[in-house]
Each structure stands twice: as C-alpha cells, then as structure tokens.
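Ligands are counted one by one from 1 in listed order, and the atoms in each one are counted from 1 as well.
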Amino acid sequence: MNGKGSFSATDLARYHHYNCDLFIYNTYNGVENPRAHIDQVHDSPTMLDAAQFKRGNDWEARLLTWLDEENLLLTVPSHPLKGEDFVENVLVDERDHFFVSGISIMPPQEHFDEMYRKAGLEPVKFGLAKPDLIEVVRSQDGVMWKVIDAKASRAVKTSHHVQIYFYTLCLNHLLPQSFFRASNAAAVWLPPEDGFDTNPPSLDDLKTVETSLLSFPLDDFLFRRLPAILSLPRKDVFWHYNPLCHGCTYSRDCQQKTIDQGEIGSISNISIPEARLLRSLLQIWQEFAGISTTHRRGETDIEDLALLLEDSKGMQRISSSYPVTLRKAKRILALPPGAKKLSKSAASSPLLQAARTGKIQIIPRRNSTCPKSEDIAVVLSLLLDPSAPSGASNIVSFSISTFTSDSMFHGKIPRNIHGDRTDLIPSLAYIIDSILLLTHTFQNPPRTQFYVFSSAEDSALQTHFVDAALNSSYPTRDIRVCIGALSQGAALLQTTFQPLLLSGVLLDFLTKGRRNKHDFQGILERMNMSIEGNIQELKQRIQDELQRLQKDDSRQAAQQQRQDELGQLPRVVVLKREIEKSLALPIPGFWDLQECASVLLSPGIAPETHCPSEEEIYSVFARENSPFTLLTKRNEAIYAVLVSLRQRVSGVNNYLLVNEAKVLTSTFMDICREEHLRKLFYMQQFEVLTRLSDLWRSRIDGCPEAPILQYHSTRQGSKRLEHTFFLLSGDLDMVASDNDKTFFDYLLVEDRDYDDTIQCDAHIPVEALFDDLAVSNLVFPLNKYTKSRWQSQNLIVQKDLLLADVRDISVDGLRTRVTLQTWGEATFKFSEECTYRISPRLVDFNISKILSALFELDLQHELEGVSVPYIQIIRNPKLFNQENVGPEARKMLEKAGNEMQNLFRMLDGLDVEAAKPLVLKASQNRAAKHILSNRLSVIWGPPGTGKTHTIALSLLRLFSVYANAPNQFDVLSPRVVFVTAVTHAAIDAVLKKLTYLVECYKSIDSLPTEWLDKVSIEHVTNGNDHAAPSGSSAFSLYAGTIFQLYNFSKRYSILVDCIVIDEAGQLALSSAALVLRSLKPSSRIVIAGDSEQLSPIMVAKYPQLKTGPLFGSILDSLMYVSRPGQVGSSDTRSSSPFPDDASDGASSSQSTIVQLTENFRLNPDLGEFVSTIYSKAFRPQKVQARRIALALSSIPQSKTSQATSEYLKILDFAQRFLLGLSHIMLKRPQRDLSPPLLSNLKEHTHSNDLYSSDVAPHPLSLALIQLYTISRKHRDNVGYELHVKAEAALTAALIAVIQEYLPGEDIFVATPHRIQRQAVRAALLAQHFETLSELFDEMTLDGGKKKSTVTVDTIERLQGSEAAFVICLFSLPQSHITDLQFLLERRRLNVAISRAKSMCILMSSNEVLRPAVGVLTDGETAKGYTFLRAFADRAWSSNVSVDIDALNL
Ligand code: SF4
C-alpha cells in the first residue's frame, strides 16, 4: 500500500472533480498493486497538465504582484504558522486592509478527531493546508479575516468551494477568537474575463460565498461520508471508469481493472449517472428473477447486460414496470427500438458488442448530420491552450486544411493555412471567399463541408465569432463572411427576415423626404449592391429590389433552401460526435483522436497517416510556439478518420448516411452601421440562432430529454378539442404569460421508441425535419392566408407532427395530468396504447420588428442627420439629458414642481382627504421633479416604493404644468405621451393609478381642473385596430405594451414627445427600440423599474463590453452607463445603482437616476430583509397593523390529540403556526415556532419611532415552514406529484385559517410552477377543512368582488401586484432536485416575497434549504440561495411532516 494516510485540501477538491469514491480511498489507503501503479504513473504525459498548473501559477503570480504594487500584500514565512504567529504578523502591520500570502497551517487534528469520536467514526487525518491569501480588514471591533484562493478557471467550481471551506475550517480553530472574527465568507479570485495578460486583477472578480452555506453539505462530507468511504472494504468502494477519469493518477489501473472485470466502463463514454442507471436495470432484473444481487448470472457486468437483453420475458416485465428506465437504457446502449423481440439481441447493442468482442461495431441508425460525401472538405484544428491568460476563447493557434477528390478544384483553393489566434478570422474568410469564387465560376459548384474534431473546438470557434462580432476590431466583412458561412441557421435567418425587413424600410425611405445620391448609396451599400451610377439609376435599383422583395420570391427561395437543409446538416460537423453516433469503438472509458485513429486507421486504411497526440502538439507549441506542422498532420488524420467512418458505415448499409454536403453560401444580415445598433442587430440574430441550434441539437438525437406523455382521453373544450395525457417522464411547465393566448409552442409526435411493432430504426426524428422559421411568427390556428406557409413544411412533418398548446397541468392521483390542444394535419390517431413526445419550437413574433426598428434608427442616424434619442441614451445618457433644456427652463420646471407639492401638502394639512394621495414622499417628489425638469429620468424603485404611483402622478403634474402655462414652457411639451411596459398587468396598473389620481384631483372642489379636459388617456389594447389619433386633445396619453404601441405608431406614423417605460428591468435594450423609435429628436424619456426583479431572458452568452452592458435590460444598461466611474461586474451593477445623488438621495442636476427609498408596502422587518440585496435600506412608511396580531390571537388553542385525520392534523398545524405568530407579535410566550437566528427587532425598536408605542406589536412578516413529506408506501422516494399535493393541502389549511380570522385580507399564493398552482386551486375547492368550510362561500379565486380574495398564480404573473399575506411555495421532494436552479433564482424569489404587505409565509423543504455543494458554484443560484438563507435566518419557523399515505390521494 502506498497511500498518503492523510488528505490535503487539493485531494478533497479532486474527489469532487472526479466524483469517485475510489479516488479518495486510493489516495488515503493506497492502491492494490503499488508497484504496477508506480510504473504506470511514471510514463504519464505531463505537458498539458503542466499547462493547467502554469496558468494557475501565472495567475497567482500576477495577482500577488498586483497586490504588492497596490500596497495590499503582506507575505509571511512559508513554514507552518501558529495562531499567535499570525496575530503577531497582523498586529505589526498598520494597514486597515491587506492580503496575507505564504501561509501554511496544520489542521486542528485533535479537534477533528474529537468530532469523529463523538460520531462513533474512525478519525480521518489531514495534512498541511496552504490557502493562497487571507484577506484582513481591521476595524474598531477587531480584525475580520477571509480565506481567498486564486483560481485560473473561467468559472467557480465545486472543488474550489471545497478547498476554501476546508481552509476556513482550519483557520477558525487556529486563530484566537478574541482577536479575530471570521467574516462568514470565503472567496475564489478569478482572472478578468478578458484575460489577465492585458488586464489587472479586479476586486470585482472575487467570487464570494458564505461559508455558513457551504457548511451544511461539506461538514456532512468531511465528518460523515468521508470516514464512511474509508472504512469500507476495497471491493465495496464505488468507482466507474468514465470520461471524467481523464487526468486521474489511477487512470491506467482502473482502465485495466475495467477490462479485466468486464465493468460497464468497458463501453466508451458512459457517464456515472448512465452507469448507475444500467446497474439499477441489472438490479431490477435480478430482483424480478429472484437472484440475489451478490449472486450474478454472468461473470461480469457487461455479460449480465448481454444476458438481460437476451431475456425477452425479463425485458417485457421491466418494460411494463419501469418503462422510463428501460427507455433510457436502450438509448444509452444504442439499442434499436424493436430489440426486445429479437432473440440473441445482445448483438443488437453495438456498444455492448464492441466491448465484449473488442471489435468496431456499426450503429445501425440513420445519421443526418454527417454528409456521405463532399467535393471540398475543410478541416480545422484549433489549439486551445489551457495556460492561456486570455479571456473567453483560448484558441492560440490553428491550421486549416482543404481536401478535395475532384481534380477540377485542385490548386484553386489554398491547401493549408495556419497562424495564431489573430489570423483565424481573416484566414477563414480567405478560404471561404476562395470557395465562393468557385461556386460562381463552375456550373456545378463544389459541395463543401467544414469539420472540427471535438466539441471544445466547435464551441471555441463559435465563441470566437460572437466575441469578434461584438467586441473586436476585425474587419467587419471578414466577420460577416465567417458567421454567414459557419454559423448554423445564419443563412435561413437572412432569407426569412431580410425581405420583411427591407421591404418595409425601403418603402419608407423612398416615400419620405428628399434624398441625395449619398443616401441612395448608403442604402445600396447595406444591401451589398452596386453603388455605381447617377441618382436616377441608384433610385431605380432600389425600386427594382423592393419589387423583387415584395414579389415574395425570396421567401420561396428560402423555402426551397429549407427543403434542401432537411435534417439540419450542421455548417461545422463535429466529427467525434458523428463517430459516437455511428460507430461503437472497443475502447474502455473514453477516447481521443489519437486512440480513435489507432483503431479506425489500421490496418489497411491510411496506414501512413500519423496522428499526433494532443500532448505532442502542445509540447511543440510550448517549446517552439510553432505547432503548425503537427496541426496539419492532425487535419490529415481527421480527414482519414472521416473517410474510414464513411467506408465502414456505407459498407454495411448505404442508407445510413442520409445527407450530401451543400454548396457553400455566406449570408448574414449586417445592415446597421452605427456601432451600437450593429451590435444589437447582431445580438438579436445570435439570440435566434442560439435558440435554433439548441433545438436542432436535441432534435437530431430524437429529443432524448423530451417529456413523454401517455394518451388518456379527448373532450370538447370551450373552443377546440382538448386531449388529456399523463406525464410518464420529464418535466413540463406552462409558459408564464399575462394573457391566455394560445401559441401552439410545442411539437407533438409519436414516441416510437416505445412502439416495438414499428421498425423505425432507420427513421430520422420527425422534429428534426420541422422548419421553425417558416411559421415562427404565425398565429395558430392558421387561416386561409397563412396556411400555405405550413404546406412548405416537409411532407413527413405535415403527416406525422402536430403543434400543441399546453392548456393545463395538474396533479391527478399519483400522476401529472397534461391537457393539450393540437393543430395540424397529422394522420395518426391518439391511442391509449401509444406514447407521445413533446418538445418546444421557436415562437417569435417580434424579431423582424426589432430588427426593422434598429435598421430604421440606423438610417435616421446616418441619412437624416437628426439626433436619435435611442442612440443618444446608449452613447451618453447624461449628454442627452442636458441637451434641449436650458438651466432657466429647468429651474422654472423644478419650481413648478415644488409649487404643486406644496399646494397638495397644504391641502392635506387642511384635512382635504383627496389631497393625501397627491402628496409625494420625499424621494418620490425628487423623482417627480426630475421627470418634470429633465429629458431622461431613470427611476429606480425597489418593491413597494410606489414606482407606479410616482410615474402616474408625475405625468399628471407634467400635463398640469404645460397645460396651465402653455407659453411659459416652450420646450419638451408632452403633447403625445406613450406609457409602456412588457406586460398587460403593468399597463393596467398604471392606468388604474391614473384614473384614481384624476378622480382625486377632480374631487377637490377648490382646485382648478379644467386642464384635465385637455388630456386624453387611451388604452391601446390592439395597435392594429386602435382608432387613429383624433388630434382633439392638447395632450394625448397612449398606454399599451411595447408591441401594441409599435403597431399603433407604425400604422399612423406617430411621433412622440415623451415615453415612459415601466417595469423596465424586464425589457431588453434591443426591444426598447420598438417604442423609442417613435421619439421626436427633442423629447423626454422616463425609465422606471427594479433591476432585482425578473429580467429579460437571454439565451446566448455575450461578452461584457468595456463600454457598458448592451445586451441586458434597458434599465441595467442606463443605470450602468449613468453611473460615474469604472466598469464593474454584473454583481455590482445589479445590486447597486450608484445614483449620482448622494446618500441622502438628493439628486444633482447632472444625475439621471433617482432611487425611491420610502417603502409603503413592506413591514420594517420584511423591508430590512429585502433591502439586503439593494444598496440602500428602505425607509418604512408602515407598520404591521395591531389588528392582525389581535385577530390571529383569537385562534383557539391546539387540540392535537383530537385530530383524527391527516387533514385535521394539517389544519391543526396551520392554526398553531398562525397563533404562534400572533403570540410573538403580541410579545406573549409560545412554543410552536423557533426564533430566527438573526433578529432585527431590537434595532428597529431603538431606531424607529414607529415602534415607540408600548402597545405596538412586534413586527413579524417573515415566517418559514419546513415541509417534510413522508410515505411508507413510497419509502424514501416521494414523487413530485405527491409532494405538490401535500404542499397544496397545507397551503389550503393556512388560507382557511387566515380567512376565518382575517376575512378582509387578500392572500397571494406564489407558485413557481403551474402544476403547483393547479394543485392549490384543487385543494381549495376540495374543502378538506370542513370545520372552516363555510368560509369558502365567501372566497373567490382571482380577483372576485367578495371581501376575501385569494390569488393563486405563478410568480411571473404576480409581479407588480401586492397582497396582505403571501404564501410562497418553494419546497421540493428529494426526487426532484434538478429543479433547484430554477427555484433559486434570486429575482424570482425577490418578486415572490416582496409582494407581501403584512406577512410572507415561505414554505420550503430540506432539499431547497440545504442543497448539495455543487449548487453554489453557479453564481446566480448562489445569490438566490444566499437570499433564501437570509430569509430563513430572519424568519420564525416551524417544521411539519405530512404523511402522504394518510392523505388518501
Ligand atoms: S481513474 Fe476514474 S475510476 Fe479510477 S480512481 Fe480515478 S476517477 Fe476513480
């Protein structure tokens, strides 16, 4: 044995990387055969590993140098340090903030041993710990410290968290608590995104995590699981040889053992979860057959699998009891769907057969992503340097080789081109241009296909393009050519959208104003057309083009192109993927190009081809910086492998490779010239391309993750037939939308993998033939005008595919019931025997509108020479704000604002009731004055600060000022105003507020309100049908969603004086162009929102621009660019708006941002909690009504012993819980709830006179219920549906009690998922709580007029509204933790919790409150989890167990 007998933090980190118990076991105890192992380890390749280390070391050195230069570094001697030594070093240093490096410490072994002993476990030993840095911050209270490790990765990993937590644990025991305080945080310091060679380190790149969050999972690992693994007999330790093993010291041992023992790892590329699934399949089979798990039938796992596949009865049994497991296993083993009917069917799993026989096997499935031939193959090898200090893409060198078997093309294109990173785009553009030239020269243009070997190269290439397009100084033509030729879908995008886009804009251009020659040339240049000729000729050329576009032949050409691209042949084929799809290689664990070439190319095929290893190429690069010869050889090997693949596959079945390569085209829309507009125009296209390529990638594999539905029944719905299915596997949710439109946004097909009677092994998935773009902007059901677009779909699509709209998702018994409406002409009939696969399609009504708007703005900017407000606010919002309003006008407008505020304050003082709402609070009044006297106002308002009220009243004040003194204010008159937002709910809220405030004005007798007659307010619900502006009012306000106002303004060519965007955090900057395009050059913009609430969804990843964010919401963008100072991380940006106003909130004349600080909705404790994610604390304007505490206190005392059913027990819990809360509020003793870890009551009692009265209750707005669902029938594995039902029953009980004792208070139930919404509604209607059933007579769902209103809805639909009580359902069972990332999105949590006016009851579960450590590596999820924990730490809480069996569901 050669084990270390102790662990370093790095060992613990590696364990989490490999996710392998054997790794940690071997490290501690040694391997079985130490001599053989040492021999193997010695010949391991190391240059690439060294490169990984080098990048880490380089980054650490760079960081230390920078800290030293900044006078922030203290280096201590590197021998093991004692606590007192550290104190001494810190004490002699006088700086208040610095970082200590060079530390090594011995872990507190005795303390750890004691912990193990107490738990009855064998102690585990640990070696020297060496954290990179300790951050020290000195304050009056002492010294605060924090562990920081420098990591050169591009993102934080679980292994990093393990290390920093372990160091923190050690230091916690080492450092004297009297002098040092741990900061409850540790951090990973990452290099700047753009690379650390050209950029200095930044404190913004410190990725901090709270150590208390890590302690739940990591203490469990260190002090329970780790000793348990080490105490196992070696044979029982879990391991599986898989692609993650790459780089492990024990790789050779495990590879040999895998082969010797016939483990599942003998099959290539089987991940750990897949291996577990195959093992559980074997276990099921053995249990069915009555064989003990220790007694196998075959000798090995792969022999057992073979026997299982031959056991047709066993397969039948598994198929009926565990259909989902069997389906997944079939997919993993590449088993044809009809396999279970075959005898000796092991041979039909080519993967298994390759592992058993050691021979290459063909996978008999059609492959539509690898062409069967081409005239020109272009092969790219990209060298990615793990040590590169650069940012997003780490391409350092490349070689491009072309191969052609057709002598016609010999010598006409470059054979090989190579170079470094900066040459890549120009070189590719050169090759593409050379091939395009041939396509124009030859009658039969060459069919061309691009290839790379690995997915890593493919994604590095695509990232390089996006980065170059949005963030670099490459010639734009080269970039356009590369994207047009190599980005999947770019050409389709152009042929689909360009005609729509250009014809509208060109028509506008030709009919509007006088044009000079330069204008015509500008347009023609954008369309890549000739700019030669006189003005008449130029005009004629444009008119001809317009006619051509209007004739729709481009659309027909696009349709033809789509037909040609059936099966989505990728622009760049990733050869490794294709080999995995079509061949089973007899290589255990995983393989690279060299190993693949070694089995495919010999004997006989290209024996002379030498395939250099990755290590060989990298070594040459590291030594000589000239790897080009080897890269070119690699290209030759890739091509030889491709040829071999084709020969082998076609040799067995000529129909397996179904596609031919296509003629190369390079088209990508690039028609904007202004830098920002061009980037936004690109981004908008990248969004669609990314969505499409995600869909295509999944479809071509038969949508392996798609939910599977089993048909149940059909009935007549209100308009169409509704089909009911049960969900067999996968997750399905309804799109959150604030209206009930049908989008038919899913594809529904028969899932023939389940259908053993149909031999469909050669079938391409129907979804892969579906053309999204042809119908993405159509309203379904189609009408007679649009139906032809459906008929352009492939005939198989028309015959075998339906579009589906999810109408409802609910729990039915133990299952999820899904109700669908369908549209289409498919010939199949729904049958209970059959299962169906449902997957999303692209629906986008707006892309062409947004692109048109950007193009229009670009033309206005360049050709009309006018100021374009949209561009101005992106480039320099402050300058925009200052233009057009002189200091005199500004002062006069401010004065008018003050006068109005004073007037209403005076009326309020005179007890004029209606004047109260017309008086604004201090920060609101600042916002209103700002809006009045500035061109640009960004009103940043956290939840409950009255954004909508402020906007509405500001608008009325604006009208009032201009209407009452028409001659005094001659600038920026708000004659036409648009008020807009993304959702209908937000528009309704503004209109409601305006109506209310107008009534207030009118009801004050002494107030002159004639000016209100000059103001018309219209709700634009349908922009295409809305009446034309009448012009009869002096001031017109139109409120509608951005899409409706776009249609309305387009239809009547309306120019607008002022645009107000509410909930602007939800609106992408690019989409804002739809309304901002209508602004007059001299106009006013008001942007209001909260950057901590739901944001626009972006699917692609974009570089962080030095000029500020362009690819997020308009609110984020303006808050960022308006902020004085430097570029910051997105973290800083979202949580801290840095308003120019100083800490007292007073705005300066330069500022554009005003933050609202008074909070009208949230109680002080809830406000304090929510404000933990905002830069400023709120000023609470309300306190919880004593009435609430008193009302709840009349709930009768518990009668647990009398509870005879589970429902009564639940009701009893709800009563005790709410009664307990009232006792706490009334400062009475109670025993049912645990106090919060962090109490903020005391501080408030001192600091806020709202609590000065003795009779005031404690404010208590944060309550937590931890729900445990238990079941004897379902053992540990309570399914999601059952859990949701228990959660819903408890919710219904809480509602029943609140309604009984506080009947006038509104209640929201915020549900992340639709299925929860339906479950709660069903539980409410089921009236399980009979003792309170009479209450339900008073209750209506969703906004009824009776006094108690319960609204149960998804969070997206609740944004912008509020209720006294909010119950947030954030619990999950163990079986469903894949949903955690969605649940833990901070903006979603914030929206849900901050709807509460009096109390928020959060229902959660252990799985959410104590997630696995890996969850915290995603920055956004970690932020959400920190927020959730902050709630839990401040909340009074109670646990409840619900026995699902007893609910009789
Ligand atoms: S090679 Fe793989 S299976 Fe073997 S110890 Fe390492 S990580 Fe575990």
Side-chain angles (χ1 to χ4, degrees), residues 1-46 48-49 52-53 124 153 157-160 162-163 221 225-280 282 300-302 305 332 351 355 386 585-592 594-595 613-615 1412-1414:
M1 297 282 171
N2 58 344
K4 288 164 63 177
S6 70
F7 288 127
S8 67
T10 314
D11 295 329
L12 302 176
R14 283 201 185 127
Y15 165 75
H16 281 85
H17 169 74
Y18 295 126
N19 191 14
C20 174
D21 292 355
L22 185 62
F23 170 81
I24 204 83
Y25 191 92
N26 279 349
T27 305
Y28 200 76
N29 295 325
V31 293
E32 254 176 326
N33 183 353
R35 177 159 291 282
H37 173 69
I38 288 165
D39 292 346
Q40 288 167 3
V41 166
H42 274 244
D43 62 5
S44 305
T46 56
L48 275 164
D49 292 344
Q52 293 275 12
F53 284 121
V124 178
S153 343
K157 299 176 182 168
T158 306
S159 52
H160 302 157
V162 173
Q163 272 179 289
F221 165 67
R225 273 184 32 236
L226 188 57
I229 294 168
L230 295 179
S231 66
L232 287 172
R234 182 180 290 275
K235 67 175 179 44
D236 291 342
V237 177
F238 175 80
W239 67 286
H240 166 62
Y241 192 59
N242 71 97
L244 276 182
C245 295
H246 189 73
C248 174
T249 328
Y250 309 108
S251 183
R252 293 280 199 100
D253 295 334
C254 291
Q255 187 189 45
Q256 195 54 50
K257 209 159 59 159
T258 296
I259 298 167
D260 295 346
Q261 298 181 4
E263 297 286 343
I264 287 171
S266 307
I267 307 171
S268 288
N269 299 320
I270 302 287
S271 68
I272 293 176
E274 287 172 339
R276 285 191 199 278
L277 184 128
L278 292 178
R279 285 198 179 127
S280 74
L282 282 177
T300 64
D301 275 351
I302 57 169
L305 276 174
I332 295 167
L351 299 186
L585 302 187
I587 304 175
F590 52 95
W591 46 263
D592 59 13
Q594 198 187 26
E595 286 165 301
S613 69
E614 308 292 311
E615 175 67 18
V1413 64

Let me check your reading of the structure: within less than 2.8 Å of atom 4 (Fe) of ligand 1, is there an N/O/S atom from Cys245? no
Does NZ or CZ of Arg276 lie under 6.0 Å from the centre of the six-membered ring of Phe238, at an angle within 45° of the ring axis? yes
Given Gly247, Pro243, Cys254, identify the one with the heavy atom nearest to atom 4 (Fe) of ligand 1. Cys254
Would a 4.5 Å heavy-atom cut-off, applied to side chains only, mark Ile264 and Thr258 as touching? no
For the residue pair Glu263 and Ile302, establish whether any side-chain heavy-atom pair is separated by less than 4.5 Å. no
Could you tell me, atom by atom, which parts of ligand 1 come under 4.0 Å of a heavy atom of [X]?
{"X": "Cys248", "answer": "1 (S), 5 (S), 6 (Fe), 7 (S)"}
{"X": "Tyr18", "answer": "7 (S)"}
{"X": "Ser251", "answer": "1 (S)"}
{"X": "Cys20", "answer": "3 (S), 5 (S), 7 (S), 8 (Fe)"}

Under 3.5 Å side-chain donor-acceptor pair for Tyr241 and Ser251: yes
For the residue pair Asp11 / Tyr28, report whether a side-chain donor-acceptor contact shorter than 3.5 Å exists. no
Distance from Ile229 atom CD1 to Tyr25 atom OH, nearest 0.5 Å? 11.0 Å
Using non-hydrogen atoms of the residue, decide whether His240 is closer than 4.0 angstrom to ligand 1. yes
